[in-house]
Protein chains: 2
Amino acid sequence: MTTSIDLLKSYNLTVTPQRLEIVNVLSSYGHLNVDKLYALLKSTFPSISLATVYKNINTMIEKNFLSEVKLQNQKNVYELAKETHSHIMCIECEEILDISIDISSFFKEVTTKSNYNLTSSNIVFNGVCQKCQLL
Amino acid sequence: MTTSIDLLKSYNLTVTPQRLEIVNVLSSYGHLNVDKLYALLKSTFPSISLATVYKNINTMIEKNFLSEVKLQNQKNVYELAKETHSHIMCIECEEILDISIDISSFFKEVTTKSNYNLTSSNIVFNGVCQKCQLL
DNA sequence: CTAAATGCAAAGCATTTGCAAATAT
DNA sequence: ATATTTGCAAATGCTTTGCATTTAG
């Protein structure tokens, strides 16, 4: 079993209580924007600074520990880095899901059509989740 | 032949010289961020205000005349709205290409897996363009 | 003991707003 | 004639920076 401590260390990140809590809340909530992350951290560390949150997000992204997801009409959200995957956002309740779809055929098609040497992709689907469809 | 004037009118946008020039530069350049758009407009309208550029971008997006593309490590860019398509960005020279790929099979797969009622998608591939591969 | 992170306040950008004058319909 | 847009300046908001103090390794 990998602890959050080991996880941070494996990405060359100094372990601090604030960072451990970032790992905690991100693993519970999945995707959070800066403000929500800050609000959640505040409940554990009342004196935490927004600057600390920003600094941590930035270093964690640099070290590929976090990834940033850009959404339509929404602030960017952050998640613990994992294997390549896509996202679906509900345009009503803003819920965000991870989804694994095999995009290798796209990669091939796009490579052929464009002659680009592809390195990554950002794929977000927008729609209405089941819960919101019933409202 | 549809003039830029008719085009703006068809989207219920008041026609002004500044807006016509926005259409011009976007149709020549394809994708522009706020600053580049402002710089280009300045050469035709030296006294144009950045605020005007922002206001126009916002109303044009509201009326679905423009669309906004969010890129990794880059400022958002704007393009004249067209049929659904994806983008490829060169991570070296920042060139952006439109690319049409048939994503209907994905839509189906994602719908089935998520039970979301999908309305749109934002798909950006990142890579190195052919020119930059040779440098 | 040295390097890195934290928290605060200030600085720096990006974007929006309010308003008077100009322009579009 | 009325409604909208423009351009300016000010205001707002978001993110980063500098620095003294604290904490991690």
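Order of the sequence lines fixes the chain letters, A, B, ..., with proteins taken first and strands second; residue numbering starts at 1 for each chain.
With rounding to whole Å, A:N33 atom CG is found 14 Å from D:dG13 atom C1'. In this structure, the CG atom of B:N76 is 19 Å from the P atom of C:dC13, given to the nearest Å. For the pair A:L13 CG and C:dA5 P, the interatomic distance rounds to 8 Å; values are reported in whole Å. Straight-line distance from the CD atom of B:E62 to the C1' atom of C:dT15: 15 Å, rounded to whole Å. Here C:dA14 presents its C1' atom at 13 Å from NZ of A:K75, a figure rounded to the nearest Å. Taking atom NZ on B:K42 and atom P on D:dC8, their separation rounds to 7 Å, with Å as the unit. Atom CG in B:L50 sits about 16 Å away from atom C1' in D:dT5, given to the nearest Å. Nucleotide D:dT5 holds its C1' atom 16 Å from the CG atom of B:N12, rounded to whole Å.
Distances were taken from every side-chain heavy atom of B:Y54 (C-beta onward) to each of D:dG7, C:dT6, C:dT15; the shortest belongs to C:dT15. Closest approach to the A:V15 side chain among D:dC8, D:dG25, D:dT17 is made by D:dG25 (side chain taken as heavy atoms from C-beta onward). Here C:dT6 is the nucleotide among D:dC8, D:dT4, C:dT6 with the atom lying nearest to any side-chain atom of A:K55. Taking only side-chain atoms of B:V34, from C-beta outward, the nucleotide of C:dC19, D:dT16, C:dT15 with the closest atom is C:dT15. For A:Q18, taking side-chain heavy atoms from C-beta onward, the closest of the listed nucleotides C:dT6, C:dT16, D:dT6 is C:dT6.
Phosphate proximity of D:dA24 to A:T16: absent, as no side-chain N or O sits under 4.0 Å from OP1 or OP2. Neither OP1 nor OP2 of C:dT6 sits under 4.0 Å from any side-chain N or O of A:S49. Remark: A:N58 is in phosphate contact with D:dT16, judged by side-chain N or O atoms under 4.0 Å from OP1 or OP2. In this model, the phosphate group of C:dT6 is approached by a side-chain N or O of A:N56 to a distance below 4.0 Å at OP1 or OP2.
Less than 6.0 angstrom separates the ring centroid of A:F125 from the ring centroid of B:F107.
For the pair B:N33/B:V77, a side-chain contact is recorded, criterion being any heavy-atom separation below 4.5 Å from C-beta on.
Among the atoms of the strands shown, base atoms are found under 4.0 Å from some heavy atom of A:T52.
Scanning all heavy atoms of the two residues, the minimum distance from B:D102 to A:E109 falls at N-OE2, 4.4 Å. Considering every non-hydrogen atom in both B:Q72 and B:M89, the closest pair reads O-CE, 3.7 Å.
A side-chain N or O of A:D98 and one of A:H31 form a donor-acceptor pair less than 3.5 Å apart.
Judged by distance alone with a 3.5 Å cut-off, no donor-acceptor contact links the side chain of A:K9 to the base of D:dG25.
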